[in-house]
Amino acid sequence: MSSQEVRVVPVQGGRELKQFLDFPYHHYRKDPYWVPTLRMDRKAMFDPKKFPFYEHSEVQPFLALRGSEPAGTIAAILNNNHNKFQDERAGFFGFFESVDDQDVADKLLQAATEWVRAKGMDVIRGPANFSTNEECGLLVDGFDSSPVVMMTYNPPYYANLIEKAGFTKAQDLYAYWLATGDVVSKDGQVRSAKLARVVEKVRAREGITVRKVNMKNFDHEVELIKRVYNSAWEKNWGFVPMTDAEFDHLAENLKIALDPKLVLIAEINGEPVGFSLTLPDINQALLGTNGRLVPAIARLLWFKLRKKFTICRVIAMGVVEQHRMRGISAMFYYETARNAAPNGYAHAEMSWILESNLMMNRDIQFMGGKVYKTYRVYEKPLK
């Protein structure tokens with residue numbers, strides 16, 4: 001390790017911003033499991049004119065330099081909407097990357113800590129890029145495979161760096177692995193007699209329907225899902241409601257990747273009461289592209305046309321509180337597996353699931369899901 005002094009500088013733009021944005025592509029260049037974010041998407045996240053998070057909150061990126069060479073990155077985050085909704089004074093850190101050097105990590109984390117402390121915060125948590133509505137959590141177990149779409153990845157030594165800097169666990173997030181063929185057969189028959197009984201009861205119940213999203217009326221469907229999302233998740237740990245602009249931005253970005261057979265809306269007498277979003281694991285196509293747009297789009301289209309995606313991620317599944325005990329979640333599980341298995345999706349990751357969400361963990365385990373990756377959100381009190 002070089003003896004040159006490590007300094008951390010706030011990123012204001014220009015060369016420092018380019019070094020900040022480029023660092024992961026160099027840092028992970030020899031890691032076979034890392035999947036690059038599209039460079040244009042990463043750049044847009046730090047452009048207040050393009051990313052709606054800045055309409056209500058603040059971000060300050062920092063760059064660690066050893067001499068003139070980048071050694072790590074971090075972003076300090078003040079999420080005003082989170083603090084308003086959760087009624088607390090929490091700052092966050094995200095986009096943490098570091099060489100295996102405690103001095104580098106300490107100085108990065110200290111820079112983020114002091115920035116949020118100066119904003120009057122009582123605690124700092126992370127990693128979150130930028131909130132629980134985007135990528136969050138540090139991978140602490142399950143390093144032997146690539147992350148799926150919209151999940152994080154990092155070397156094993158990151159946990160030690162963060163913990164030695166005085167951070168402790170706030171919450172673990174689980175990723176489950178499930179073979180779709182264990183839920184339904186190739187002809188769409190439910191393998192679990194108990195799940196089959198629940199599904200039949202839901203089907204027979206007057207007024208309850210579960211349907212696929214209508215891509216020809218995409219904007220209208222987004223509005224329906226928007227009505228459900230914030231109410232269905234509002235009591236979850238760390239939840240922060242999405243603004244209309246954030247929801248529309250996410251929906252537009254995901255549109256190219258959607259498989260309409262895997263996006264489901266539950267309705268009672270025509271009113272939306274729940275939705276389930278499952279995405280093809282587009283990381284299978286992005287692996288090896290180094291974040292370059294043209295090869296990424298070419299591979300993505302090839303994977304879609306040739307039906308080469310073998311993994312999907314159940315990214316969100318929620319039912320508004322007053323209808324949660326009516327078996328709608330079971331219907332989502334069944335319909336997702338029934339639509340996934342015959343279309344080449346041999347496996348599904350169900351993530352992320354809060355360790356404190358006992359009901360969801362129990363439901364997934366009942367279907368045969370096994371925890372195969374664990375992510376951790378850390379925190380450190382500032383008073």
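Just so it is clear, the values below take in all heavy atoms, side chains as well, and ignore hydrogens, waters and symmetry mates. Count residues from 1 along the sequence.
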Check this for me, if you would: do K49 and E55 make a salt bridge, where the nitrogen-to-carboxylate-oxygen distance has to be below 4.0 angstrom? no
Between T168 and E163, does any side-chain donor sit less than 3.5 Å from a side-chain acceptor? no
Would you say the side-chain atoms of N133 and Y229 include a donor-acceptor pair closer than 3.5 Å? yes
Ionic contact status for D22 with R39, cut-off 4.0 Å: yes
Between N361 and Y176, is any side-chain donor less than 3.5 angstrom from a side-chain acceptor? yes
Ignoring hydrogens and geometry beyond distance, is a side-chain donor-acceptor pair present between Q110 and T113 at under 3.5 Å? no
ILVMFWY cluster, V148 and W34 together (side-chain gap under 4.5 Å): yes
Exactly one of F93, Y158, Y378 should register a ring pair (Phe, Tyr, Trp, His ring centres under 6.0 Å) with F167. Which one does? F93
Charged N-O contact under 4.0 Å between K235 and E321: yes
Can the positive tip of K194 be found less than 6.0 Å from the middle of the six-membered ring of F366, inside 45° of the ring normal? yes
Inspect the contact between D141 and R376 and indicate whether a charged nitrogen and a carboxylate oxygen are less than 4.0 angstrom apart. no
Would you say K43 has more than 12 foreign heavy atoms packed within less than 6.0 Å of its NZ? no
Taking atom CE of M215 as the centre, report whether more than 12 heavy atoms of other residues, nucleotides or ligands fall under 6.0 Å from it. yes
Run the ring-ring contact (aromatic ring centres under 6.0 Å, His included) test against Y372 and tell me which residues pass, sequence neighbours left out. W177
Enclosure of R29 CZ (heavy-atom neighbours >12, cutoff 6.0 Å): yes
Of F53, F51, Y54, F95, which meets ring pair (Phe, Tyr, Trp, His ring centres under 6.0 Å) against F46? F95
How many angstroms lie between atom CG of N81 and atom CZ of F85, to the nearest 0.5 angstrom? 10.5 Å
For T336 and K261, run side-chain hydrogen bond (donor to acceptor under 3.5 Å, both in side chains): C-alpha distance rounded to whole Å, both residues' side-chain angles, the deciding distance at 0.1 Å, then the answer. CA-CA 8 Å; T336 298; K261 296 183 292 295; over 6 Å; no
Tell me, yes or no, whether the heavy-atom count around K164 atom NZ, taken from other residues, nucleotides or ligands under 6.0 Å, exceeds 12. no
Classify the side-chain pair S351/R313 by whether it contains a donor and acceptor separated by less than 3.5 Å. yes
Determine, step by step, whether Y345 and D259 satisfy the side-chain hydrogen bond (donor to acceptor under 3.5 Å, both in side chains) criterion, reporting the C-alpha distance in whole Å, the side-chain angles of both residues, the deciding distance to 0.1 Å, and the verdict. CA-CA 11 Å; Y345 303 103; D259 183 338; 2.8 Å; yes
Does any donor atom in the side chain of T310 or Q284 lie under 3.5 Å from an acceptor atom in the other side chain? yes
For D31 and Y153, which I'm curious about, is there any donor-acceptor pair between the side chains at under 3.5 Å? yes
Minimal non-hydrogen separation, A76 against W115, with atom names: CB-CE3, 3.3 Å
Side chains of N339 and L264, heavy atoms from C-beta outward: is any pair under 4.5 Å? yes
Distance under 6.0 Å and angle within 45° of the ring axis: does K255 meet both against F218? yes
Donor-acceptor pair between E69 and H26 side chains, under 3.5 angstrom: no
Could E271 and R227 be called an ion pair, given the rule that one side-chain N must be under 4.0 Å from one carboxylate O? yes
